[in-house]
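What follows is a short report on a single structure.
First listed ligand is number 1; within each ligand, the first listed atom is number 1.
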Amino acid sequence: MPTPTVAPTPATHAKTTAPTAPTAPKTADSEARRLLHELQVHQVEILQQNEELRTVRAELESSLARYVSLFDFAPVGLVGLESDGSIRVLNRRAAAMLGASLSGGQALRQFVAPQSTAALMLALAGGQTGQQGPIELQLAAPGPVGARFVDLEVQAPAMDDDACLVSLVETTERRHAQSELRRARDLLELSGRVAHSGFWELGSEGRRLAWSAMAHEILEAEPGSVVDLEELLGCLADGEVREQLQAAFEQGRQGTAFELEVPVTTMRGRAIWIRLSGAPESDSGTPPRLLGTVQDIDARIRLEQARVGQARAESASREKSAFLSRMSHELRTPLNAVMGFAHLLAMDAAIAAVPQSAQRVGMIQDSAKQLLSLISEVLDLSRLEAGAVVPTITSFDLVSLRNEVAAMLAPLAAEFNVCLSLPACEEAVHAAADRHRTRQVLLNLLSNAIKYNHPGGEVTVQLRDAGQWVEVAVMDNGIGLSDEQRLRLFQPFSRVGAEHTLVPGLGLGLSISKQLAEAMQGRLEVSSEPGVGSVFTLVLPRGSGTSAAVTALETVPATSAARPHRLKVLYIEDNPVNVVMMQALLEKRPQVLFEFAIDGASGLAAARRWRPDLVLLDMQLPDVDGGWVLRQIRADPELSRTRIVAVSADAMEEQQRAGLAAGLDAYLTKPINFDRLLSLVDDTPSLL
Ligand code: ADP
């Protein structure tokens, strides 16, 4: 607007000039002029004021415009509310947030989800009473990824009346991020739980620890109970392990990742193994904070330790078994010679004629027999303890086995003047067990019942079918056992008092019998009363009705009278003492033509050349395995009718079974049972 031009009348001069003395017309005139002048002065003043007013208004308008644009484009939503909660004015951000029209007029509550209405009302009421603080509200209109949220804060009533101004800040994304973070944390915790791993974080100052719920669980600590690294390490371990842990954390703080497996004590005092790993994480220049995991590896470590222990025990047991079997083999060879020559001496008429000499030879024979049974039983026991005895389970009739054992022990019963009673069984009683091993157990039980008896005593062997079990009860009315003796009964070498008597024994039979019964899925029970007698009951799984074929290891043909035909016997053996002894023994059979070879190759050559009726074969030869010689002879059609009998110091059952399966006619173990050898010789048909 153009500035009005004013006559250059100095207003100040006009104001300060004193009025001139009035004269009639002249006075009226000058008065008019004065008034006009004043009028002009006022007019100028008014014009000036107008001008100032215009300037102020322009400034006001521009500041209002600035305010409006500030309001409009503020980065937060701003809403001016009437006292009834309707929108008087709102900025663009608020309009976009709420989806409201810029012209206002609607109630704010209609833009808020129903579940947030009460909170809004409360906030507005609080705002009016001057209480402040943001509250979170859910908006009515959802966004593209679900519900939307705003933080609403009532500013102090800022408007001219009861109305107020509220600010709105959208928090949907923040909420989203927070719930994502929560989910990620939950996932981490869950995966830790699945992997049995906890997480921890050590602050860059090197002391403050934060650890996950799973980490607390592993270390059996109350959540938040320990937050100081040194305190935690002090609780977990001491001595060397603690130093190891401290060194690991120090290494981490120096910037190198670490991992270690250590035994610790949990907060509840339980000893466990943990795997602790940590890695530094640092913005350059600052000391690193450490992040890591803690894992409960107790079960794994204990399993590993158990495996190592078991492997060690197994290897020790294998070594023990191997040693015992080697030792038993080594002992059997010289024992063979002792027994053989003692036998020859006993048969010598000159010796038999001198009672004292005959008695001494008898003592040599008894001692040798005792030594032999000691060797066999110790070997048996060690193999049982090592779990190396695998019974061959078949179904067989216990009645016939009982009668067989009783027949074998009839001479012993006669010697001790004890009567053997075998109550009749109407039907066969079948056991599912190893017949050979069952016979061994029954031999032990029956011979004990006879030995630990008194002259005129009685031993009864009763069989009973008891559902899925069968029982063999060996009852005697002998010396009996006290409770204290019964407790020590099955320990190896425990003779529970019999060591002070003349009754022969080693104290191994019952411990072997018990282990054999258990190896056959059965058991051995005992009841006894001192002075009254004992009952030893072998309980075995019941077998099926039909008797299966049983592998007879030492089945030899029944003895028959010596026949007058010529019989060619080839002995393949490297030990000259054994050869001499065999030759001396076979001299008792005049029809025998004896030849020997000292190794496998020459033995096979002799067999092919001489075609013997019987080959006595040592299974351990200096050049080849006895099994090889056996296979070669069996493969030779010219030698198809030659009998082959192993004479071996190897008393292991597996060897015997394998040999019989490979074509041996019989397997004799050293020391040789001469009666059996001679009956074998007698039974061999001559090929001549
Ligand atoms: P051994 O008979 O060689 O000494 P065992 O292991 O067979 O060894 O028996 C261990 C001990 O148990 C015997 O020495 C004996 O004292 C006692 N015993 C075994 N059977 C009987 C029984 N029927 N009556 C009394 N004592 C027995």
**Report entry** Ligand-residue contact atoms, ligand 1 with S534, heavy atoms, under 4.0 Å
**Finding:** 24 (N)
Requested in this report: Could you tell me the residue and atom name of the protein heavy atom closest to atom 26 (N) of ligand 1, and the distance to it rounded to 0.1 Å?
Outcome: L481 CD2, 3.6 Å
Query raised in the report: Does the N or O separation between N444 and ligand 1 drop below 3.5 Å for any pair?
Result: yes
Query raised in the report: Can we say K588 and D682 salt-bridge, meaning some charged N sits less than 4.0 Å from an Asp/Glu carboxylate O?
Result: no
Query raised in the report: Side chain or backbone of V474 under 4.0 Å from ligand 1, or both, or neither, by non-hydrogen atoms?
Result: neither
Query raised in the report: Tell me: protein heavy atom nearest atom 17 (C) of ligand 1, and distance?
Result: V496 CG2, 3.7 Å
Report task. Give the numbers and elements of all ligand 1 atoms closer than 4.0 Å to a heavy atom of L506. Result -> 1 (P), 3 (O), 4 (O)
Report task. Determine yes or no for a side-chain-to-main-chain donor-acceptor pair under 3.5 angstrom, with S494 supplying the side chain and R488 the backbone. Result -> yes
Requested in this report: Just jot down the ligand 1 atoms closer than 4.0 angstrom to any heavy atom of G507, in number order.
Outcome: 1 (P), 3 (O), 4 (O), 6 (O), 8 (O)
Requested in this report: Check if G497 has a non-hydrogen atom at a distance under 4.0 Å from any atom of ligand 1.
Outcome: no
Query - side chain to side chain donor-acceptor pair (under 3.5 Å) contacts touching residues 346-366 (sequence neighbours left out) - result: none
Query raised in the report: Quick one: does F536 get within less than 4.0 Å of ligand 1, heavy atoms only?
Result: yes
Query raised in the report: What atoms in ligand 1 come closer than 4.0 Å to a heavy atom of L508?
Result: 6 (O), 8 (O)
Query raised in the report: K451 near ligand 1, heavy-atom distance under 4.0 Å?
Result: yes
Query raised in the report: So, D380 and R437, do they make that salt bridge, N to O below 4.0 Å?
Result: yes
Query raised in the report: Any side-chain donor paired with an acceptor under 3.5 Å for S513 and N444?
Result: yes
Report task. Taking the side chain as every heavy atom from C-beta outward, state whether D613 and R643 have any atom pair closer than 4.5 Å. Result -> no
Requested in this report: Please write down residue, atom name and distance for the protein heavy atom closest to atom 16 (O) of ligand 1.
Outcome: R495 O, 2.7 Å
Requested in this report: First locate atom OG of S395, then atom CZ of R542, and finally report the distance between them rounded to the nearest 0.5 Å.
Outcome: 9.0 Å
**Report entry** Heavy atom of the protein closest to atom 12 (O) of ligand 1 (residue, atom name, distance)
**Finding:** L489 CD1, 3.2 Å
Requested in this report: Decide whether the shortest distance between a heavy atom of S494 and an atom of ligand 1 is less than 4.0 Å.
Outcome: yes
Report summary line: Of all protein heavy atoms, the one nearest atom 7 (O) of ligand 1 is N448 ND2, 2.8 Å
**Report entry** R402 side chain vs V461 backbone, donor-acceptor pair below 3.5 Å
**Finding:** yes
Query - Reported CD1-to-CD distance for the pair I375 and Q370, which is rounded to 0.5 angstrom - result: 11.5 Å
Report task. Give the atoms of ligand 1, by number and element, whose distance to some non-hydrogen atom of Y452 is under 4.0 Å. Result -> 1 (P), 2 (O), 4 (O), 13 (C), 14 (O), 15 (C), 18 (N), 19 (C), 20 (N), 21 (C), 22 (C), 24 (N), 25 (C), 26 (N), 27 (C)
Query raised in the report: Is the closest N or O pair between G509 and ligand 1 shorter than 3.5 Å?
Result: yes
Query raised in the report: Is a side-chain donor-acceptor pair under 3.5 Å present for T392 with R657?
Result: yes
Query raised in the report: Has the side chain of D599 got a donor or acceptor atom that lies under 3.5 Å from a matching backbone atom of S602?
Result: yes
Query raised in the report: Any idea which atoms of ligand 1 are less than 4.0 Å away from a heavy-atom of A498?
Result: 14 (O), 16 (O)
Query - Which segment of L445 sits under 4.0 Å of ligand 1 when only heavy atoms are counted - result: neither
Report task. Have a look at ligand 1 and work out which part of P504, if any, has a heavy atom under 4.0 Å from it: side chain, backbone, both or neither. Result -> neither
Requested in this report: Please confirm whether the backbone N or O of L489 pairs with a side-chain atom of Q491, one donor and one acceptor, at under 3.5 Å?
Outcome: no
Query raised in the report: What's the spacing between Y667 OH and L617 CG if we round to 0.5 Å?
Result: 9.5 Å
Query - Nearest option to atom 5 (P) of ligand 1, as decided by whichever heavy atom of L446, D476, L510 sits closest - result: L510
